[in-house]
Amino acid sequence: MASRVIPVAPFDLVVFGGTGDLAKRKIIPALFRRFVAGQFEEDARIIGAARAALSGAEYRTLAEEALKEFSAEYVENSKEVAAFLHMLDYVSIDATGDGGWEELKAKTSTDRVQAFYFSVAPSLFGALAERLHSYQIAGPEARVVVEKPFGRDQETAKALNATLAEYFDETQIYRIDHYLGKETVQNLMALRFGNMMFEPLWNNHYIDHIQITVAETVGVGGRGAYYDKSGAMRDMVQNHLMQLLCLIAMEPPAIYDADAVRDEKLKVIRALQPVAPHHIVRGQYEATDTAPSYRDDAENPRSFTESFIAMRCEIANWRWAGVPFYLRTGKKLRARSSEIAVVFKALGHSIFEGDTGPHRNILSIRLQPNEGIDMTVTVKEPGPGGMRLIDVPLDLTFAEAMAGTDSPEAYERLIMDVIRGNQTLFMRGDEVEAAWRWTDPLINGWEARNDVPKQYVPGSSGPEDALMLLHRDGRRWRDIKA
Ligand code: NAD
């Protein structure tokens, strides 16, 4: 089953930071895959723009090297490589200088879809936006794409929003959170709003609690010094986990369009309650015989930054009052695994004598690995001997269920959405600010208390205290497993 490809209009995409890590690892391979899939024609123009003094030919070599390294399709589709590279060009530009802008202007046209991808440090957003405007490069419909981190608190996010708003309308700004581009995340909306059987149960009458886990096995490694200024709350919770929480918790939008969906997500963020310090557990991974500790990686022996966080959150509205949302994310954990688990309440009474229940239905939405959904249901254990009940998963692994479907990866989908002008899977400015408004007091609180993160063993599920966070409530975390 080949996935249906709806071609996009001819476009000019300028990638500022086009020689950087993100461009090489994600943006260029994503564009290549979409080209191979037939989503755009050879009349598209993709222009790298960065400080390095490269010729167009040298940039195409750089892009080809990136494809060899980061795109498995490179070898299979070697015939398409030349046609793809033919669309690529390069302009040497310093965001804060005045060289190169006239050349860039000559290479793009306001008559087509124009997208400007700011794959550079946020401190350069203002300089880029101002020059795109003053050199009259960006047309009135032009789109800008910006990456995380979008600020480090509400104040800096507000300032970034204000800077972009000087030159671009909100409808032109695409703030990427690549979690929203994942197939399963969108399936979450299909599941909730496209089926009869879930939505009636989707509330505090039937749901006991919800767990959201994003676990990584890698440490902070080479980017430790950078990460140390951020930590798991800023790096993962404020954006990715909050977005997942919003999609789980939001009310059904009236229609499936960008503003309707984002209005509903914003309401969830606004209903999030402050989290008491004893409902937050922060951790740092220890050293092993062979691997450095978090503090070694961060090159900061007195670092109080967390590489792990677990928290118990509550949403104060009619649907969710009394239902805890447990969030957890960290580095160097047992397995690379991201999952949302919706744990339903246990039956109030069992008619089966000797049944050791309670049994719970659990809807698990796996983001990685093996994207898919499974639902734990209670059935009779096969064989004679009466009604013994067991819990078994009904598994829908997308790779098997949709065998042969070539599902685009997050960046592919998101970049094509930019070209199509669809903002549904991008964060709106007020959403990002509201998310910081919720996280800022929590971060300020532990900074003011000089809260020392708990140490945890690499390869574990995080600090012991994180287990206690649920034990205290008579619950337990789901296993972190690949
Ligand atoms: P990088 O350091 O690898 O590349 C930065 C790019 O910006 C280079 O092409 C460099 O030439 C260009 N640049 C730097 N200063 C410039 C200037 N004054 N004028 C013009 N160009 C300039 O960084 P990266 O990892 O590619 O990240 C880019 C942005 O994306 C950052 O904001 C980062 O936080 C964000 N991001 C990166 C990743 C990732 O996986 N790498 C993931 C999420 C977000």
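Ligands are counted one by one from 1 in listed order, and the atoms in each one are counted from 1 as well. Along the sequence shown, the residues carry numbers beginning at 1.
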Ligand 1 to Ala50, heavy atom cutoff 4.0 Å, flagged ligand atoms 9 (O), 11 (O), 21 (N)
Is the shortest N/O to N/O distance between Leu124 and ligand 1 below 3.5 Å? no
Atoms of ligand 1 under 4.0 Å from any heavy atom of Val120, numbered from 1 in the order shown, are 7 (O), 28 (C), 29 (C), 31 (C), 32 (O)
Ligand 1 atoms nearer than 4.0 angstrom to some heavy atom of Asp94 are 17 (C), 18 (N), 19 (N)
Here the atoms of ligand 1 under 4.0 Å from any heavy atom belonging to Ala121 are 32 (O)
Notebook entry, point to check: Has Arg449 got more than 12 heavy atoms of other residues, nucleotides or ligands less than 6.0 Å from its CZ?
Noted result: yes
Note to self: Could you tell me if Lys148 sits above the aromatic ring of Phe150, with its cationic atom closer than 6.0 Å to the ring centre and no more than 45 degrees from the axis?
What the structure shows: no
Checklist entry - Is there side-chain contact between Lys454 and Phe308, with at least one heavy-atom pair below 4.5 Å? => result no
- prompt: Phe40 and Phe11: aromatic ring centres closer than 6.0 Å?
  reply: yes
Regarding Gln243 and Glu431, do their side chains bring together a donor and an acceptor under 3.5 Å, going by distance alone?
yes
For Gly20, the atoms of ligand 1 under 4.0 Å from one of its heavy atoms are 3 (O), 4 (O), 8 (C), 9 (O), 26 (O)
Of all protein heavy atoms, the one nearest atom 6 (C) of ligand 1 is Gly17 CA, 3.5 Å
For Pro122, the atoms of ligand 1 under 4.0 Å from one of its heavy atoms are 32 (O)
The atoms of ligand 1 lying under 4.0 Å from a heavy atom of Ile93, numbered in the order shown, are 19 (N), 20 (C)
Cation-pi geometry met for Arg175 and Phe426 (6.0 Å, 45°): no
shortest atom 43 (C) of ligand 1-to-protein heavy-atom contact is with Glu147 OE1, 3.5 Å
heavy-atom search around atom 28 (C) of ligand 1 in the protein gives Ser119 O, 3.3 Å
Under 4.0 angstrom from ligand 1, any heavy atom of Pro149?
yes
If you compare Asp235, Asn239, Val15, Leu22 by their heavy atoms, the one closest to atom 26 (O) of ligand 1 turns out to be Leu22
For this session: Return yes or no for this condition: an N or O of Thr96 is under 3.5 Å from an N or O of ligand 1.
Result: no
| said: Looking at atom 2 (O) of ligand 1, tell me if a protein heavy atom falls under 4.0 Å from it. | reply: no
Residue set satisfying ring-ring contact (aromatic ring centres under 6.0 Å, His included) with Phe16, at least two apart, ordered chain then number -> Trp101, Phe118
Exercise. Taking atom CD of Glu251 as the centre, report whether more than 12 heavy atoms of other residues, nucleotides or ligands fall under 6.0 Å from it.
Key: yes
When you look at CD of Gln136, are more than 12 heavy atoms from neighbouring residues, nucleotides or ligands closer to it than 6.0 Å? no
- Is the Tyr411 ring parallel, tilted or perpendicular to the His178 ring (thresholds 30°, 60°)? parallel
Atom 41 (N) of ligand 1: closest protein heavy atom, distance to 0.1 Å, is Asp21 OD2, 2.7 Å
**Item:** Within 6.0 angstrom of Arg478 CZ, more than 12 heavy atoms from elsewhere
**Value:** yes
shortest atom 36 (N) of ligand 1-to-protein heavy-atom contact is with Lys148 O, 3.7 Å
Give a yes/no verdict on whether any heavy atom in Arg25 is under 4.0 Å from an atom of ligand 1. yes
With heavy atoms and a 4.0 Å threshold, my read on which part of Arg51 contacts ligand 1 is both
For Gln273, I'd like to know if atom CD has over 12 heavy atoms of other residues, nucleotides or ligands within 6.0 Å. yes
Contacts of Pro253 meeting side-chain contact (heavy atoms from CB on, under 4.5 Å) (sequence neighbours excluded), chain-then-number -> Phe193, Met250, Ala260, Val261, Glu264
For Thr19, the atoms of ligand 1 under 4.0 Å from one of its heavy atoms are 8 (C), 9 (O), 11 (O)
The protein heavy atom nearest to atom 19 (N) of ligand 1 is Ala95 N, 2.7 Å
